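All values reported here derive from a predicted model rather than from experimental measurement.
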Amino acid sequence: MKRIKQKGFVLLETLIVTVFVMSIFVFVYRNSVPMMGQYEKMQNFDDVDSIYAADMMKKMITNYVDFTIVDEKLQDVTYIDISNCNDTTYYRDASYCTKLKNSLHIEEDDIVLLTKYNLSNTLHGTNTSFRTFVNENEYFDSGKLSNFRDYLKTVADNEVFYNPGDSTNKATGVYRLFISRTVPLIDGTTETKYANIGIYKSKYGG
């Protein structure tokens, strides 16, 4: 009788330890998978240099691009391509734009696109959103853009940023800037990286 009780106690201990170990594995798995996904995204797309490049392009664009024209164009199209620094429709200073792109490894066949900030909203004057347009248009399925659809899956539709000192003062995204970069690798080949950054309007966030 005593041996049976001991066996029952050992079995109970084994079950408790098993449940505890399984709980730890589940916890580690649930927390590590998103981190792995974020790491993979940073490896393939939003690396630090590309985010920096997008921010530098944003600063240049806000100073040298005529946003009156941008607003007019985005009434009728899903996005506008401002990759060409010599396009006087948008740029007031082609030389600075060219020098900046060269320093950031944004080559002639790389992209610089502007669209409305919310990627899933159907734009005024168009029948589709930027996200849907990219998924359906063959232009985003070849060359430097062959992985752009996969990148877009990692990008949130919209975000709102609040002033830490005043929760009622929020920065809402107006435009979204997308860039691609041709990054040289150690073995002499190149790799395409993508990044995006918001252009905001409010007292907080610019």
Side-chain angles (χ1 to χ4, degrees), residues 37-38 40-47 50-51 53-62 64-91 97 100-101 104-161 170-183 190-202 205-206:
Q38 187 68 19
E40 184 179 355
K41 176 190 170 187
M42 291 181 66
Q43 284 290 97
N44 296 329
F45 304 123
D46 286 310
D47 63 310
S50 295
I51 295 171
D55 186 58
M56 291 300 293
M57 288 297 295
K58 168 188 171 180
K59 290 175 181 176
M60 184 271 295
I61 287 167
T62 54
Y64 292 103
V65 169
D66 188 343
F67 275 93
T68 303
I69 297 173
V70 169
D71 285 331
E72 290 175 359
K73 292 281 187 182
L74 285 177
Q75 294 296 313
D76 302 313
V77 297
T78 311
Y79 72 94
I80 57 175
D81 189 330
I82 57 171
S83 306
N84 184 3
C85 291
N86 294 312
D87 188 346
T88 55
T89 305
Y90 303 110
Y91 290 104
C97 171
L100 182 61
K101 285 177 67 176
L104 298 173
H105 296 291
I106 301 174
E107 296 188 349
E108 191 173 338
D109 58 345
D110 280 316
I111 60 159
V112 182
L113 307 179
L114 269 176
T115 187
K116 290 294 187 179
Y117 192 78
N118 193 318
L119 302 179
S120 287
N121 273 0
T122 301
L123 303 182
H124 176 69
T126 67
N127 295 320
T128 187
S129 66
F130 180 74
R131 189 178 293 281
T132 303
F133 185 86
V134 169
N135 289 334
E136 295 177 352
N137 196 288
E138 291 182 359
Y139 174 68
F140 295 93
D141 197 25
S142 61
K144 290 288 184 71
L145 292 168
S146 59
N147 292 324
F148 189 75
R149 288 174 181 167
D150 291 332
Y151 170 63
L152 203 60
K153 293 175 184 176
T154 70
V155 180
D157 285 343
N158 210 355
E159 295 171 303
V160 175
F161 297 90
K170 60 185 179 182
T172 54
V174 179
Y175 308 102
R176 178 101 59 162
L177 171 69
F178 285 95
I179 67 165
S180 69
R181 295 175 60 243
T182 303
V183 181
T190 60
E191 185 177 40
T192 300
K193 298 283 189 179
Y194 305 107
N196 81 94
I197 194 166
I199 299 175
Y200 305 95
K201 277 188 181 178
S202 79

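D109 places a side-chain heavy atom less than 4.5 Å from the side chain of K144. The closest side-chain heavy-atom distance from L114 to I82 is below 4.5 Å. You'll find the side chain of E107 stays beyond 4.5 Å of the side chain of R181, heavy atoms only. The shortest distance between side-chain heavy atoms of L113 and R176 does not fall below 4.5 Å.
One distance of note links OG1 of T182 with NZ of K193; it measures 12.0 Å at 0.5 Å rounding. Here the straight-line distance linking atom CD1 of I106 with atom CE of M57 works out to 4.5 Å at 0.5 Å rounding. Taking OG of S83 as the start and OH of Y90 as the end, the distance is 10.5 Å to the nearest 0.5 Å. Separation of atoms CG (L152) and OG1 (T132) is listed at 9.5 Å; rounding is to 0.5 Å.
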Give the C-alpha distance, both sets of side-chain angles, the deciding distance and a yes or no for side chain to side chain contact (heavy atoms under 4.5 Å, CB included) between I80 and L74.
CA-CA 7 Å; I80 57 175; L74 285 177; 4.3 Å; yes
Determine, stepwise, if the pair D47 / S50 fulfils side-chain hydrogen bond (donor to acceptor under 3.5 Å, both in side chains).
CA-CA 5 Å; D47 63 310; S50 295; 2.4 Å; yes
Candidate pair Y194 and I179, rule side chain to side chain contact (heavy atoms under 4.5 Å, CB included), full reasoning:
CA-CA 6 Å; Y194 305 107; I179 67 165; over 6 Å; no
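The side chain to side chain contact (heavy atoms under 4.5 Å, CB included) test with F178 is passed by exactly one of L119, V134, V112: L119. Applying side chain to side chain contact (heavy atoms under 4.5 Å, CB included) to V65 and the options I61, T68, T62, I69 leaves one that passes, I61. Partner of M60 under the side chain to side chain contact (heavy atoms under 4.5 Å, CB included) criterion, chosen from D55, L104, L100: L100.
Atom NZ of K73 has 12 or fewer heavy atoms from other residues, nucleotides or ligands within 6.0 Å.
Within the 6.0 Å centre-distance limit, the rings of F67 and Y175 are counted as a close aromatic pair. You'll find the ring centres of Y91 and Y64 outside the 6.0 Å limit.
Distance alone, capped at 3.5 Å, places no donor-acceptor pair between the S120 side chain and the D157 backbone. A side-chain donor-acceptor contact under 3.5 Å links K58 to the backbone of G198.
The minimum heavy-atom distance linking R131 with A156 is given by the pair NH2-C, 4.1 Å. Annotation for F130 and T78: closest pair CA-CG2, 3.3 Å, computed over non-hydrogen atoms. Closest of all the heavy-atom pairs between E136 and R149 is C-NH2, 4.2 Å. The two residues S180 and I111 make their nearest non-hydrogen contact at OG-N, 2.9 Å.
Looking at D110 and K101, no side-chain N of the basic residue comes within less than 4.0 Å of a carboxylate O on the acidic one, giving no salt bridge.
Between Y139 and Y79, the ring planes lie parallel to each other; the angle is under 30°, not in the 30° to 60° tilted range.
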